[in-house]
Participant: 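Dumping the structure here so I can ask a few things about it.
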Amino acid sequence: MTETVSLATEQQVRDDVRDWIALNWNVKLSLSEWRELLADSGWGAPSWPARWYGKGLPATMNSIVEEEFFNAQVVGVTRKGANRLAAQTILAHGTDAHKKRFLRPMLTGAETWCQLFSEPGSGSDLAGAMTRAVRDGDRYIVNGQKVWTSMAHISDWGILLARTDMDVPKHQGLSFFLIDMRQPGIEVRPLRQMNGHASFNEVFFDNAVVNENDRLEDEGDGWRVATTTLLNERRNFDVASKKHTGFDRQEQIYVEEAEEIAVALAPHSWYPQREGRIDLLLPRAIERGKFGDAALRQEIARLFVLQRCREMASQRARAAIEAGGTPGPEGSVGKLAGARVSRECARVHTIISGADAMLDGVDSELNGTVAEIFLSTPANSLAGGTDEIQKNILAERVLGMPKEPRNDVDRPFKGVPKNAL
Amino acid sequence: MTETVSLATEQQVRDDVRDWIALNWNVKLSLSEWRELLADSGWGAPSWPARWYGKGLPATMNSIVEEEFFNAQVVGVTRKGANRLAAQTILAHGTDAHKKRFLRPMLTGAETWCQLFSEPGSGSDLAGAMTRAVRDGDRYIVNGQKVWTSMAHISDWGILLARTDMDVPKHQGLSFFLIDMRQPGIEVRPLRQMNGHASFNEVFFDNAVVNENDRLEDEGDGWRVATTTLLNERRNFDVASKKHTGFDRQEQIYVEEAEEIAVALAPHSWYPQREGRIDLLLPRAIERGKFGDAALRQEIARLFVLQRCREMASQRARAAIEAGGTPGPEGSVGKLAGARVSRECARVHTIISGADAMLDGVDSELNGTVAEIFLSTPANSLAGGTDEIQKNILAERVLGMPKEPRNDVDRPFKGVPKNAL
Amino acid sequence: MQYVLTEEQNAFREMIHRFLEVHSSSSRIRSASLTELGWDRDVWQQLCAEFEVPATCVPEAYGGHGFGLTELAILAEEMGRALYCGPFFGSTVLASLVISNGATDEMKKLLLPELVKGNKLAALAIAETCDRWRAADVTMVATDDGDHWRLNGEKLFVVDGLGADFLIVIARCAAKGEIGIFKVSSRDQSLSRLEMQGIDRTRRMSRVRFNNTQATKISRAGDVGDLVDDALDQATICLCAEMVGGAERLLESAIEYSKVRFQFGRPIGSFQALKHRAADLFVDIELAKAAARCAATAVDDGDENISELASIAKAAASEAYMSAALETVQFYGGIGFTWENDTHLWFRRAKSSEVFLGTADWHRERFIKQIAA
Amino acid sequence: MQYVLTEEQNAFREMIHRFLEVHSSSSRIRSASLTELGWDRDVWQQLCAEFEVPATCVPEAYGGHGFGLTELAILAEEMGRALYCGPFFGSTVLASLVISNGATDEMKKLLLPELVKGNKLAALAIAETCDRWRAADVTMVATDDGDHWRLNGEKLFVVDGLGADFLIVIARCAAKGEIGIFKVSSRDQSLSRLEMQGIDRTRRMSRVRFNNTQATKISRAGDVGDLVDDALDQATICLCAEMVGGAERLLESAIEYSKVRFQFGRPIGSFQALKHRAADLFVDIELAKAAARCAATAVDDGDENISELASIAKAAASEAYMSAALETVQFYGGIGFTWENDTHLWFRRAKSSEVFLGTADWHRERFIKQIAA
């Protein structure tokens with residue numbers, strides 16, 4: 001039943017988008033002019049409410065609309081920073097004033113957002129955040145540190161999870177804020193990784209200020225609000241979106257979009273290597289004359305089997321979601337399999353290299369690519385939820401294994417044992 | 001200093017043993033006649049006190065004496081059952097009456113002992129034993145079940161760990177008994193393993209009786225006493241004793257000893273397969289024409305590297321003990337490495353077999369040997385302390401990692417969550 | 001490609017699952033495996049009568065239901081989960097698929113309807129040495145004495161061979177040496193069938209000796225090696241489904257035990273080391289399942305790279321199943337090493353399946369050479 | 001065979017350990033690795049002056065202390081633990097061992113005393129392509145122009161080559177093609193030395209081009225390939241000791257962190273999954289350590305199967321070190337992936353050592369063929 005309705009609506013949506021594009025798309029507009037038009041039309045965020053720059057369509061229509069934009073080579077809304085996650089959280093938990101103030105510039109790209117959740121002391125255990133927000137009249141004074149913050153260096157605003165009460169259990173003492181990143185109390189420093197790249201930042205709060213009005217929901221509701229953000233993050237993670245890298249055309253608006261994308265993607269230039277570059281394995285083995293080695297062939301074959309199985313498993317997961325399921329903890333299977341692929345690829349690449357695996361830079365194969373694969377090995381087992389956390393999720397939520405005894409959730413946070421660093 | 005003294009003593013001990021053998025050894029005695037003589041001489045248990053059938057020598061002298069006996073082809077004391085463990089425990093915790101009654105027949109082999117510790121519900125967690133011993137006047141009535149009991153089917157006596165108090169914490173409610181196995185309240189059933197052999201027994205107690213006098217130490221001291229047994233078990237396990245399989249001679253006394261050994265070893269006929277039969281790998285690979293396969297060569301080489309490293313590590317451990325150290329938790333390294341060897345041997349053996357790995361019995365290679373290797377794979381990861389327990393020991397006692405929070409040691413045992421089977 | 005089962009397919013799966021839960025329980029497997037035949041005729045007849053199992057993927061033209069390999073694989077998955085011991089794999093999968101793929105229309109009309117009804121059982125005789133499971137490896141020669149084809153030599157690992165009414169034999173035709181498919185009646189006196197004693201008593205195999213045995217050629221003229229190999233790849237995919245079912249059964253069993261087994265005052269399943277290993281195993285099995293399911297669907301979609309997908313599935317299922325078997329014993333602890341505990345029944349099947357129809361190594365080698373070509 | 005270190009050896013180890021803790025701390029490694037030379041001359045001079053490091057296993061006849069490979073391996077283990085970056089491995093291990101094993105007595109008397117005092121540094125040039133680290137693989141030809149030997153061609157992965165005062169070059173003598181050992185002065189204008197940029201900035205390597213470069217032959221007449229290979233096996237054993245030291249340092253660091261890092265109200269080291277992985281790693285390292293220590297002792301005992309033991313040790317150390325590096329990053333979590341965290345310094349060395357002087361695969365292959373022969 002649902003399917004038939006969706007199908008009917010899909011064609012209608014396609015027709016509507018096409019009509020609107022035909023009437024409004026103008027390659028001579030500047031990027032910001034076009035984005036203003038787009039935000040007001042509702043086609044920039046089809047699943048948002050019609051009242052708030054959307055069309056009130058089901059979320060499944062987003063990709064349909066995107067496809068039409070893409071096929072017509074029409075520039076869409078900005079994808080930079082954590083704008084999408086911040087918007088989804090504000091839509092769910094913000095007041096009308098928040099929505100009015102923040103949603104539009106999130107779409108146009110006039111303002112960039114970052115997500116301020118992880119801390120040096122709370123990575124896997126996000127609810128253990130220690131950054132304090134202390135009330136001071138109608139504002140809060142923020143002190144502490146966040147880490148792994150993409151785009152913080154170019155962000156105007158951040159969504160911030162901070163502790164407002166140490167005397168209640170950890171999940172109850174957090175509050176959620178929208179914080180102005182352009183203030184003296186905030187310092188952003190790039191965080192260099194072991195492979196030499198700097199994809200993330202550290203953010204230091206030294207008496208930074210946030211207005212009471214910029215808190216989402218009540219004091220102490222922070223964890224509940226953050227859960228919305230995290231759920232959307234997982235959803236976006238599970239359903240791989242087509243990576244739009246611009247249209248490679250000469251008109252000004254395309255050039256402007258390409259620049260925006262380049263800035264957004266720059267810190268992640270090494271991500272293909274992070275995945276392990278399985279595409280290079282066979283050509284390298286053959287070129288280096290090692291494909292005749294039965295032991296190496298077995299290694300490569302194992303990897304391809306793993307990768308192909310992973311692809312099929314993720315297609316099955318996607319199909320299950322489309323057939324009416326919701327993205328659940330099964331996403332951890334794909335995440336863990338991906339980490340295995342990266343790790344094994346790095347290993348087999350260096351087997352193929354032999355002693356050349358010692359080399360980097362100009363002396364090395366593919367100008368450092370193999371070195372970069374190797375030096376990025378651990379990333380996929382850590383980023384976006386460590387392997388350990390993924391395995392806990394599978395064991396407890398999918399396999400129903402009993403939880404560990406816990407001593408950190410049922411007592412005032414100030415009494416919970418903390419890092420002894 | 002210590003070394004010099006030992007060396008001086010060693011030669012003296014050798015001379016003494018030789019003298020005694022020269023005077024007393026008589027190949028025409030029956031096995032029991034000879035063993036009586038031997039027990040009384042003190043040379044059957046050199047490290048025991050002179051008062052109790054020993055010579056009061058340091059434990060390191062035992063192997064020296066054994067060597068002299070072996071070289072002179074002289075039959076030693078019995079090695080069957082858990083006699084040695086039971087004796088060591090009685091020596092440490094028994095009264096003079098216990099020692100008088102039990103030690104001598106333990107050496108002569110007139111009585112056979114078994115160890116009644118493990119239960120179906122408490123394997124890794126021995127202190128969680130549920131077999132009850134309820135006081136009834138000057139005796140105890142025993143009900144419950146033990147398992148993995150070697151030699152129970154031919155045993156006269158057993159060392160029993162049983163619970164005498166449910167109202168105190170688990171380690172404090174246990175008592176240690178010497179129990180007569182030849183009574184109607186005890187039933188012994190062989191326990192068949194997945195490889196078809198039956199090396200162990202289940203022992204069922206249905207109102208079995210044990211005298212108060214046959215308790216070692218006080219009520220509630222059972223865990224402390226059992227610790228002595230377990231420590232000796234570990235010590236015997238760490239220092240591999242030369243496997244004496246008889247002298248293959250025709251005189252009556254040798255035939256009798258060979259029969260005794262055959263009974264004791266029968267249940268363990270598959271133990272060479274349990275180790276993985278690494279000795280067969282290369283010959284099989286070559287004979288089956290598969291040594292030319294580089295992938296298989298790598299597999300076999302990995303295994304040999306593992307095995308050789310394991311041998312060197314255990315030689316190092318033994319040398320460290322001889323140089324004055326005590327056998328510590330490092331024994332777990334050898335145990336875990338051995339389990340790895342077994343598992344990998346089984347895997348590589350079946351790779352060499354190909355489809356023949358499906359076969360067993362007369363149709364199969366080496367008349368079922370490869371099948372038996374495969375079907376014995378898990379044994380070394382389970383027997384004598386599971387891999388999990390060995391890893392806990394290494395992590396906590398060697399590496400000093402923090403213990404898990406526990407809820408089972410500081411409350412009355414009756415309140416501890418138990419099997420929901 | 002259809003990535004998830006339809007409602008009908010799930011209902012079908014559920015139905016056969018419930019049946020096998022009762023009629024192929026571990027106690028019934030144990031008792032059946034002690035009989036000379038090795039399986040329970042009544043249960044098989046019920047499977048034929050109530051579920052028309054042998055008809056599943058035989059085309060309607062030959063009396064079957066005309067479902068796809070997807071449905072046959074669903075059956076295999078459930079059979080593997082329950083460790084069903086009966087002639088399903090030998091007759092319904094191996095022999096029927098070879099006939100369906102390689103026999104002439106006339107022969108299909110003659111042979112398949114009997115198999116479909118369950119009146120007759122067939123078995124496939126192809127392997128002559130271990131590690132050789134494809135048409136190109138066959139060396140047995142069929143000679144034509146004018147009236148009949150005659151077979152000489154020996155075939156190994158003939159699954160469900162002892163209970164079969166006729167054998168489907170892969171051999172080379174004399175003179176040109178092209179691969180042909182032959183039918184031999186089991187009643188033929190020149191035939192000797194000996195059981196090959198296996199580690200897995202729930203899947204019987206035999207060694208068959210042909211001594212100038214009369215045979216009917218059921219394939220068309222010319223070499224049909226490719227068709228035989230297609231059938232073997234399809235059977236391999238069913239085997240993978242069976243293996244995935246078995247692996248899932250093991251993991252479920254280990255998890256259930258870990259919830260009720262307490263040591264140190266906690267269910268052992270609450271210890272993180274076991275949790276993480278269970279999670280790793282779950283990933284292995286999910287990956288193998290995806291491969292097995294997709295491979296079956298690809299056959300039904302008429303995809304061309306079936307041999308690739310079959311090899312991927314076999315490599316993945318082999319490792320997942322054997323890991324599951326080893327882990328399950330370890331989860332149970334000592335009790336898992338006993339004869340009384342059911343785990344070893346699947347443990348045996350795991351190894352036996354790993355090396356059946358081509359070892360994991362062989363499949364990886366075939367696969368990597370195909371994609372590098 | 002002596003399986004455990006003597007009191008004296010342990011004291012020696014402790015002494016060098018304490019020195020390196022201070023003078024080869026991670027901050028000093030980091031700053032030294034940013035310099036052009038790549039190491040700190042003062043620290044090296046202290047090692048020579050205070051500990052007479054280069055003298056350790058050089059025979060007394062040539063001005064050394066005449067200790068065994070055991071002592072050299074103890075040094076290597078501590079150097080590896082501290083990731084000391086200086087010319088120890090290039091000059092004291094590789095070059096000195098080749099000279100000790102393969103040079104004539106006269107040449108040893110000429111060359112070794114200088115090295116022993118630390119006045120001069122040498123480096124070994126042998127590899128010409130990757131994966132080829134033994135005498136038999138050498139193709140470079142030394143020609144004799146009547147007055148001098150002349151070298152042409154290129155050598156790769158010359159460890160500590162840039163700082164060396166002279167090079168020890170393995171080449172084939174023209175005409176008969178037998179392996180000889182040659183000495184070339186670094187100051188020779190016909191020589192070009194270029195740094196090979198590596199993933200591990202704490203061990204510098206260079207590419208050396210010879211252009212009709214004048215060389216002195218320091219080995220006796222006839223093929224000395226076996227002697228060169230003996231030296232390389234001894235160097236491999238030192239490399240293994242170094243790797244074991246590095247692996248232990250990583251494990252210690254991971255364990256320490258797991259005690260102070262709290263998540264969910266507990267030190268992460270109390271989670272069983274981490275405990276079991278740490279235990280597995282400890283086993284790996286203990287096994288590798290046993291192999292490395294025994295191999296060194298075997299050399300001192302004059303055992304014959306040194307190449308076997310060297311290969312066993314290299315295979316074991318390679319896997320243990322790389323596992324330790326990966327696990328340590330994982331124990332640290334995200335912070336372990338940062339530049340600021342020291343783990344990556346050892347992570348880089350782990351891979352670099354794994355493939356240096358023959359990969360683990362190569363050593364396994366050599367080993368298994370030897371024992372099957």
Side-chain angles (χ1 to χ4, degrees), chain B residues 118 120-125 127-128 147-148 170 191-196 198 200 288 293 295-296 343 346-347 350-351 353-364 368 371 374-379 381-383 386-388 391-392 404 406-409 411 415-421, chain C residues 127 129-133 156-157 194-201 203 205 207 257 259-268 271-274 322 325-330 332-341 343-345 347-348 351-362 364-365:
Chain B
S118 294
S122 61
S124 294
D125 180 17
V147 75
W148 307 117
K170 65 198 288 187
L191 183 59
R192 193 175 181 200
Q193 293 136 202
M194 62 180 265
N195 60 5
F200 305 96
R288 293 179 69 95
D293 176 356
L296 180 62
R343 196 163 47 242
R347 191 175 65 79
T350 61
I351 291 177
S353 295
D356 284 348
M358 291 194 277
L359 302 177
D360 196 356
V362 289
D363 282 308
S364 69
F374 167 65
L375 291 170
S376 305
T377 312
S381 302
L382 295 168
T386 62
D387 281 5
E388 287 77 8
K391 289 180 193 177
N392 285 346
E404 302 239 5
R406 287 185 72 164
N407 69 350
D408 63 325
V409 289
R411 59 169 77 174
V416 171
K418 296 182 189 66
N419 285 341
L421 285 171
Chain C
T129 61
C130 82
D131 306 335
R132 302 280 175 197
W133 293 97
L156 302 179
F157 306 111
L194 287 167
E195 196 189 325
M196 297 179 84
Q197 191 184 323
I199 51 171
D200 173 16
R201 304 295 295 153
R203 170 132 69 208
M205 297 168 304
R207 171 196 302 272
Y257 187 72
K259 292 179 188 172
V260 296
R261 170 79 175 175
F262 281 61
Q263 294 284 277
F264 308 105
R266 287 166 60 175
I268 60 169
F271 285 102
Q272 204 190 36
L274 292 203
M322 202 59 235
L326 283 163
E327 275 293 11
T328 302
V329 176
Q330 196 68 22
Y332 273 96
I335 202 73
F337 192 62
T338 62
W339 188 268
E340 196 183 31
N341 185 278
T343 308
H344 74 99
L345 305 175
F347 190 96
R348 290 158 182 268
K351 179 57 72 180
S352 166
S353 304
E354 178 188 314
V355 298
F356 178 42
L357 299 180
T359 63
D361 286 343
W362 184 87
R364 277 190 291 264
E365 181 79 358

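Atoms considered below: every heavy atom in the structure, side chains included; atoms not considered: hydrogens, waters and symmetry mates. Here is the naming used below: chain letters follow the sequence lines, and residue numbers restart at 1 for every chain.
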Participant: Would you say C:Thr343 and B:Met194 make side-chain contact, with heavy atoms under 4.5 Å?
Facilitator: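 Contact flag for C:Thr343/B:Met194 side chains = no.
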Participant: Name the option with the most non-hydrogen atom pairs under 4.5 Å to chain C; the candidates are B:Val147, B:Leu375, B:Thr377, B:Thr386.
Facilitator: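 Counting heavy-atom pairs under 4.5 Å, the top option is B:Leu375.
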Participant: If every non-hydrogen atom of B:Phe374 is compared with every non-hydrogen atom of C:Arg348, which pair is closest and at what distance?
Facilitator: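 For B:Phe374 versus C:Arg348, the nearest heavy atoms are CE2-CA, 4.4 Å.
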Participant: What part of B:Lys170 is in contact with chain C, defined as an atom under 4.5 angstrom from a non-hydrogen atom: side chain, backbone, both or neither?
Facilitator: side chain
Participant: Between chain B and each of C:His344, C:Glu195, C:Arg203, C:Arg132, count heavy-atom pairs under 4.5 Å; write down the option with the most.
Facilitator: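 The option with the most such pairs is C:His344.
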Participant: Mind ranking B:Ala371, B:Gly128, B:Ala357, B:Ala127 by heavy-atom pairs under 4.5 Å with chain C and telling me who comes out on top?
Facilitator: B:Ala357
Participant: State, to 0.1 Å, how close C:Phe264 and B:Arg406 come at their nearest heavy-atom pair, and which atoms those are.
Facilitator: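 The answer is CD2-NH2, 3.3 Å.
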Participant: Test C:Thr359 against B:Thr350 for side chain to side chain contact (heavy atoms under 4.5 Å, CB included), laying out the working first.
Facilitator: CA-CA 10 Å; C:Thr359 63; B:Thr350 61; over 6 Å; no
Participant: Side chain from CB out, backbone as N, CA, C, O: work out which of these in B:Asp387 comes under 4.5 Å of a heavy atom of chain C, or both, or neither.
Facilitator: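 Both parts, backbone and side chain.
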Participant: To the nearest 0.5 Å, tell me how far B:Arg192 CZ sits from C:Asn341 CG.
Facilitator: 14.0 Å
Participant: Could you pull out the closest heavy-atom pair between B:Leu382 and C:Val329, with the gap in Å?
Facilitator: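 Looking at all heavy atoms of both residues, the closest pair is CD1-CG1, 3.9 Å.
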Participant: Is C:Trp133 in contact with chain B via its backbone, its side chain, both, or neither, using a 4.5 Å heavy-atom distance?
Facilitator: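 Looking at C:Trp133, just its side chain touches chain B.
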Participant: Looking at every non-hydrogen atom in both residues, tell me the closest pair between C:Ile335 and B:Trp148 and how far apart they are.
Facilitator: N-CZ2, 3.6 Å
Participant: Can you tell me how far CD of C:Gln263 sits from CG of B:Asp408, rounded to the nearest 0.5 angstrom?
Facilitator: 10.0 Å
Participant: Looking at B:Ser364, B:Pro120, B:Gly368, which has the largest count of heavy-atom pairs under 4.5 Å with chain C?
Facilitator: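 Between B:Ser364, B:Pro120, B:Gly368, the count favours B:Pro120.
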Participant: Please assess B:Asp360 against C:Arg201 for the test side chain to side chain contact (heavy atoms under 4.5 Å, CB included), listing each intermediate value before the final yes or no.
Facilitator: CA-CA 10 Å; B:Asp360 196 356; C:Arg201 304 295 295 153; over 6 Å; no
Participant: Looking at C:Phe337 and B:Pro378, what are the two nearest heavy atoms and their distance?
Facilitator: CE1-CD, 3.7 Å
Participant: Please check this pair: side chain of B:Asn419 against backbone of C:Phe262, looking for a donor-acceptor N/O pair closer than 3.5 Å.
Facilitator: yes
Participant: I'd like to verify something: which residue of C:Gly358, C:Gly336, C:Gly334 has the highest number of heavy-atom pairs under 4.5 Å with chain B?
Facilitator: C:Gly334
Participant: For the residue pair B:Arg288 and C:Cys130, what are the closest heavy atoms and their distance?
Facilitator: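 Looks like NH2-SG, 3.2 Å.
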Participant: If I measure from the heavy atoms of chain B, does C:Asp361 come under 4.5 Å with its side chain, its backbone, both, or neither?
Facilitator: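 For C:Asp361, the side chain is the part near chain B, not the backbone.
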Participant: In terms of heavy-atom proximity below 4.5 Å to chain C, should B:Leu296 be classed as side chain, backbone, both, or neither?
Facilitator: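 Neither; nothing under 4.5 Å.
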Participant: List the steps, then state whether side chain to side chain contact (heavy atoms under 4.5 Å, CB included) holds for C:Met322 with B:Arg347.
Facilitator: CA-CA 10 Å; C:Met322 202 59 235; B:Arg347 191 175 65 79; over 6 Å; no
Participant: Would you give the length of the straight line joining atom CZ of C:Arg266 to atom CG of B:Asp125, rounded to the nearest 0.5 angstrom?
Facilitator: 12.0 Å
Participant: Please look at C:Leu156 and chain B and tell me whether the side chain, the backbone, both or neither of the residue comes under 4.5 angstrom of a heavy atom of that chain.
Facilitator: neither
Participant: C:Arg207 versus chain B, heavy atoms under 4.5 Å apart: side chain, backbone, both or neither?
Facilitator: side chain
Participant: Pick from B:Asn195, B:Asn407, B:Asp363, B:Val416: which one has the most heavy-atom pairs with chain C under 4.5 Å?
Facilitator: B:Asp363
Participant: Going through the checks in order, is the side-chain hydrogen bond (donor to acceptor under 3.5 Å, both in side chains) test met by B:Glu388 and C:Gln330?
Facilitator: CA-CA 9 Å; B:Glu388 287 77 8; C:Gln330 196 68 22; 2.9 Å; yes
Participant: Can you say whether B:Phe200 sits under 4.5 Å from chain C via the side chain, the backbone, both, or neither, judging by heavy atoms?
Facilitator: neither
Participant: What part of B:Ser118 gets closer than 4.5 Å to chain C, counting heavy atoms only: side chain, backbone, both or neither?
Facilitator: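 Neither part.
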